[in-house]
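Heads up: the structure comes next, in structure tokens.
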Amino acid sequence: KKIIYTFLISLTSIVSFSQTDTSKILNEVVVSTNRFFETPVTSTQVVLDSVTLMAQEVPQVISRLSPSVFSQTDNGTPFGYSYLRVRGLSSEYGQNRVLYSMNGVPLNEGENSHLFTSNFTDLLSNTSSFEFIRGASISGSGSPSFIGAMEMVSKSPFGKRGGEASGMYGSFNSYRASLSYTTGELLPGFGATVRVSATGSDGFRDNSYGRSQSVYTSLGYRRGNHL
């Protein structure tokens, strides 16, 4: 009995010694996007700059850069009330069949899905890129994306520190002026940007003049690689 007892203890020791811990702790990986990549939809992706904008509102820029899209304005200039037709389908009054969103947040009215682009003066000057989807999209926001969806990504407040002033003037006393300033990383992890814009035009049509101003602010916080 004594010999058997000693043998069992030795066997247990050998087995315990052979089991080594090979696990490794991996760093967290987070992947996020505002794009509809690898989906069965037709879309146009654009990185914006001052040449691309040409002092135009959202519908005009989309119609210039995306096929099967037609835009029109009430006063015959790039400013004021603008509308889209995608593949011949009208967005009707107030753009209630096109989903507009910024950084994944819908801009359409929650009550009736309407959106007037003239209420977002100089919006694309605060946008770094956008993707326009033609046709019904996979957005979870519902009915507004019936004929199209436009997903915009705002400019980062952690860009190069400095200010910018720009202005344009054209026919029918049409103008656009803006002032912007970006702080970069002002405090540890914090950054901000602000833009003041003004647009206006007497309009091609009689009594179709319009004036509009806007103030855009963005505050960002990042911790490591997380924004």
### Query
Strictly by modelled atom types, are R195 and S125 linked by a side-chain donor-acceptor pair under 3.5 Å?
no
### Message
Do V196 and M168 land in one hydrophobic cluster if side-chain heavy atoms of ILVMFWY residues count as linked below 4.5 Å?
### Response
no
### M152 and N126, any side-chain heavy atoms less than 4.5 Å apart
no
### Message
Regarding S218 and T193, do their side chains bring together a donor and an acceptor under 3.5 Å, going by distance alone?
### Response
no
### Task
Kindly write out the residues that satisfy side-chain hydrogen bond (donor to acceptor under 3.5 Å, both in side chains) with T77, not counting sequence neighbours, or none if the list is empty.
N75
### Query
Do other residues, nucleotides or ligands put more than 12 heavy atoms under 6.0 Å from Y209 OH?
no
### Query
Would the number of heavy atoms belonging to other residues, nucleotides or ligands and lying under 6.0 Å from CZ of F204 be above 12?
no
### Message
Check whether R161 reaches the backbone of T183 with its side chain - one donor and one acceptor, N or O, closer than 3.5 Å.
### Response
yes
### Task
Give a yes or no on whether R205 atom CZ has more than 12 heavy-atom contacts from other residues, nucleotides or ligands under 6.0 Å away.
no
#### Entry: Side-chain donor or acceptor of T182 paired with backbone N/O of G184 under 3.5 Å
no
### Message
Within the structure provided, determine whether Y216 and S154 are in side-chain contact (heavy-atom separation under 4.5 Å).
### Response
yes
### Query
Is there a path from L107 to V98 through hydrophobic residues (I, L, V, M, F, W, Y) whose side chains come within less than 4.5 Å of each other?
yes
### Message
Applying a strict under-4.5 Å side-chain criterion to I, L, V, M, F, W and Y, I'd like to know whether F79 and F172 cluster together.
### Response
no
### Message
Parallel, tilted or perpendicular, judged at 30° and 60°: which one describes the rings of F190 and Y221?
### Response
tilted
